[in-house]
Amino acid sequence: MKPLEKLLKKPGSHLPVRPAAPPGQVPGPGSVPAPRRQSLSRPPASPEEPAGPAGPVPGGEGRWLELRPPEAPLRSPEDPSPGCDRDRDRDRDRDREPPSPEPPPAARCCCGCGCAPAAPAPPERLLAALLDRLPAAAHGRGCGAESLLDDIVLTHSLFLPTERFLQQLHQHFVLAAGSPPARWEEGSGLRRKRAVLAVLLHFLETYKGLLQEEESAGKVIKELYLLIMKDTSLYHELEDEILKLHQLVETVELKVADETPPPNKQVKPLFRHFRRIDSCLQTRVAFRGSDEIFCRVYMPDHSYVTIRSRLSASVQDILASVTEKLQYSEEQSTRGDALILVTMASSGEKAVLQPSEECVFTTLGINSHLFACTRDTFDSLVPLPEEIQVVPGDTEIHRAEPEDVANHLTAFHWELFRCIHELEFVDYVFHGERGRRETANLELLLQRCSEVQHWVGTELLLCEGLGKRAHLLKKLIKIAAICKQNQDMLSFYAIVIGLNNAAVSRLRLTWEKLPGKFKNLFRKFENLTDPCRNHKTYREVLAKMKPPLIPFVPLILKDLTFLHEGSKTLLDGLVNVEKLHCIAEKVRTVRKYRSRPLCLELEASPAQLQTKAYVRQLRVIDNQNLLFELSYKLEPGSQ
Amino acid sequence: MPEQSNDYRVVVFGAGGVGKSSLVLRFVKGTFRESYIPTIEDTYRQVISCDKSICTLQITDTTGSHQFPAMQRLSISKGHAFILVYSITSRQSLEELKPIYEQICQIKGDIENIPIMLVGNKNDENQNREVENSEGEAMAKKWKCAFMETSAKTNHNVKELFQELLNLEKRRTVSLQIDGKKSKQQKRKEKLKGKCVVM
Ligand SMILES: Nc1nc2c(ncn2[C@@H]2O[C@H](COP(=O)(O)OP(=O)(O)O)[C@@H](O)[C@H]2O)c(=O)[nH]1
Ligand SMILES: [Mg+2]
């Protein structure tokens with residue numbers, strides 16, 4: 001199960017469970033559970049939406065768009081969004097614009113940002129409509145076109161694969177460079193080319209770091225880039241932009257098939273098994289699908305092999321490496337005996353992975369492991385023994401100062417948060433509907449969030465003495481308070497959820513021993529994380545914070561999922577621009593949170609390094625049954 | 001890290017390509033392959049007897065390169081016994097064992113009580129021999145450990161290697177035979193190896 005699902009499912013998690021996943025997902029013995037991808041956080045592709053870009057434009061709608069003068073702001077004629085500073089403009093526009101044939105269901109600015117949304121358009125025309133408006137932005141006429149540009153660059157993959165989007169951009173440039181259509185005014189060819197350049201620049205800025213993963217998109221960019229570089233008319237007018245383009249193309253390391261591959265990347269240690277090495281102290285860098293990682297695959301008898309694999313490897317690829325390593329001979333791998341790949345949680349919950357599934361590594365639960373076995377041995381698989389032996393709690397948490405633990409938590413979570421590419425937020429929610437892009441860094445953060453929750457419970461429940469446990473409880477509340485001060489709402493939320501775990505909250509004797517001041521403080525924290533009225537309290541607190549801050553990321557994903565499921569992307573062949581805008585607005589809030597660096601002053605003394613290493617490689621029990629067992633052992637009579 | 005169960009852990013070290021994985025796979029599964037697949041870290045498990053009860057023998061096959069010093073340190077500190085492999089066809093591979101041996105000494109300290117076996121593998125390739133048997137013996141004497149020449153390819157001395165290594169363990173009685181608390185008849189019972197399917 002994915003961490004977010006877990007969070008959504010957990011009774012104390014404050015997040016409502018959405019109906020997609022039926023309860024009781026633990027498969028009975030012998031049953032092969034449904035693929036994990038059908039998860040809460042990734043709704044299956046909605047059948048209403050066509051799988052590919054729509055066919056030819058129905059003439060009427062296309063004309064409807066062409067009627068609009070290029071300068072006129074493209075806004076939804078139906079949009080009554082209040083509080084918009086351009087309300088009067090809109091009223092005037094409304095008179096000029098022919099009524100939309102079929103108003104989109106979400107004509108209202110759904111994110112409440114008050115920005116002017118653009119009108120819906122067929123997928124093929126949306127880019128043209130954007131290009132029409134772009135010179136306006138170049139002359140500083142308000143943010144409308146710029147925000148539309150950003151909206152479309154961030155979210156086009158909802159209705160158009162990135163490669164197609166770039167091909168269209170390329171076509172527009174070729175068209176503008178040739179003889180312009182008769183209705184174009186003087187110089188409009190040049191203006192169109194400049195608009196294409198602006199889109200390309202913005203695209204490259206946004207996709208930086210991701211493009212080396214996309215070979216075919218890289219090819220189109222290279223071609224377009226060469227066209228632009230050869231265009232002298234453009235060069236004279238826009239030297240700065242061209243130079244910027246040149247620089248960007250250099251830095252994005254486009255992967256084009258006929259070129260020498262980039263120098264071998266270092267293998268990155270990703271898994272718990274490899275975390276206990278020096279590298280855990282190094283600053284985290286973002287993972288990409290082409291990164292090579294190590295991965296342990298276990299056998300039914302708990303033997304294991306370590307394979308080296310691309311992060312994006314498919315289950316099939318993984319099984320091929322395992323088979324090769326084990327000298328799994330041909331007779332053995334005849335149909336019936338072929339290996340299957342299984343994920344198993346510490347609780348024993350297991351699921352078969354489908355051969356075509358990709359990048360499964362980052363979607364594993366905290367203490368889940370990959371197993372390779374034959375179909376007949378599936379039933380007999382048992383989880384690895386708990387890695388944590390129940391030794392009376394004497395870990396670093398008892399020695400370290402709460403300030404230090406909190407600051408190291410914040411620093412680490414900031415690193416993880418920064419590694420997430422903006423597009424991962426979009427891709428995570430729409431995963432599986434359009435071409436796949438990895439969302440590994442986002443998944444790792446979610447995994448971490450769940451890890452912190454379990455860490456709180458694990459430490460408390462491994463602490464045997466009542467007095468010592470109450471002291472630890474106080475310390476954890478203090479840590480949550482400092483995280484909140486650090487504007488690290490992710491750690492804060494995770495700790496509060498962890499303390500609300502039923503196995504912890506039932507420890508009546510421990511809670512009774514907590515000083516009144518801390519009881520009150522925790523009550524306040526519970527209020528702050530109360531999900532009522534759509535997390536109103538939390539949202540208000542967050543709104544008052546200035547960047548840098550670390551939000552409670554699962555809530556952002558919940559909002560995005562809500563936006564996605566609440567309205568269709570395409571309606572009668574028109575793209576719901578409103579929806580794109582709202583999704584892009586969400587992504588822009590993340591951009592804002594990270595717009596300033598988070599600097600904490602952390603010493604590098606040995607004691608500090610020890611705390612740092614501890615915080616970065618938490619060892620937790622994620623088996624709820626085991627946590628309950630520990631809890632009942634500590635306080636049998638409670639509640 | 002708390003001591004894990006009653007597993008008996010053997011770690012195999014040596015330069016890349018000397019035949020560590022081949023020895024382990026020959027022992028565990030009875031197979032041999034000509035192709036070379038670099039190892040990162042694999043661990044195989046077998047049931048053996050230890051102090052008259054059943055326990056698990058864990059054999060950890062390591063990478064030849066020094067790419068992962070921290071992993072190497074961790075395997076040494078967790079290991080109970082060590083196999084140091086070189087190839088008789090490469091003097092260099094014997095030289096490369098020195099730093100590993102020294103690291104074991106440094107981490108384990110009391111080296112004389114640690115079962116260590118120096119192994120000259122590939123002794124089927126006599127025509128390409130670079131290290132004489134006597135040189136291997138001399139090195140073992142210097143290192144106060146046992147010595148043996150093997151061939152994973154021809155299955156020469158492979159089972160003996162593991163049995164001898166376990167015999168070196170003085171702090172407990174570990175044996176490939178499962179004798180348990182049962183009668184002497186059962187003591188001579190077939191080895192579990194053949195039965196224990198390690199996939
Ligand atoms: N002739 C011969 N070749 C061997 C022997 N053991 C291993 N090899 C070969 O040596 C190469 C490296 O073996 P491998 O076990 O992967 O070495 P490792 O890197 O030490 O694990 C492979 O091609 C094996 O087939 C042996 O005893 N005799
Ligand atoms: Mg090997």
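Chain identifiers are assigned alphabetically (A, B, ...) following the order of the sequence lines, protein sequences preceding nucleic acid strands; residue numbering begins at 1 within each chain.
Residues in residues 134-146 of chain B take part in these salt bridge (Lys or Arg N to Asp or Glu O under 4.0 Å) pairs, two or more places apart or across chains: B:R91-B:E135.
Within the 4.5 Å cutoff, no side-chain heavy atoms of B:R45 are placed close to those of A:M299. In this structure, the side chains of A:Y304 and B:E41 come closer than 4.5 Å at one or more pairs of heavy atoms.
Side chain to side chain, B:Y44 and A:S303 fail the donor-acceptor criterion of an N or O pair below 3.5 Å.
With values rounded to the nearest 0.5 angstrom, B:D61 atom CG is found 7.0 Å from A:K325 atom NZ. With rounding to the nearest 0.5 Å, the separation of NE2 in A:H302 from CG in B:D7 is 11.0 Å.
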**Request:** Check step by step if side-chain contact (heavy atoms from CB on, under 4.5 Å) holds for A:T306 and B:D42.
**Result:** CA-CA 6 Å; A:T306 310; B:D42 302 336; 4.1 Å; yes
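Proximity of a side-chain donor or acceptor of B:K29 to a complementary backbone N or O of A:L326 within less than 3.5 Å is detected.
Of all heavy-atom pairs spanning B:R33 and A:E324, the tightest one is NH1-O, 3.2 Å.
Both the backbone and the side chain of B:T39 have a heavy atom closer than 4.5 Å to some heavy atom of chain A.
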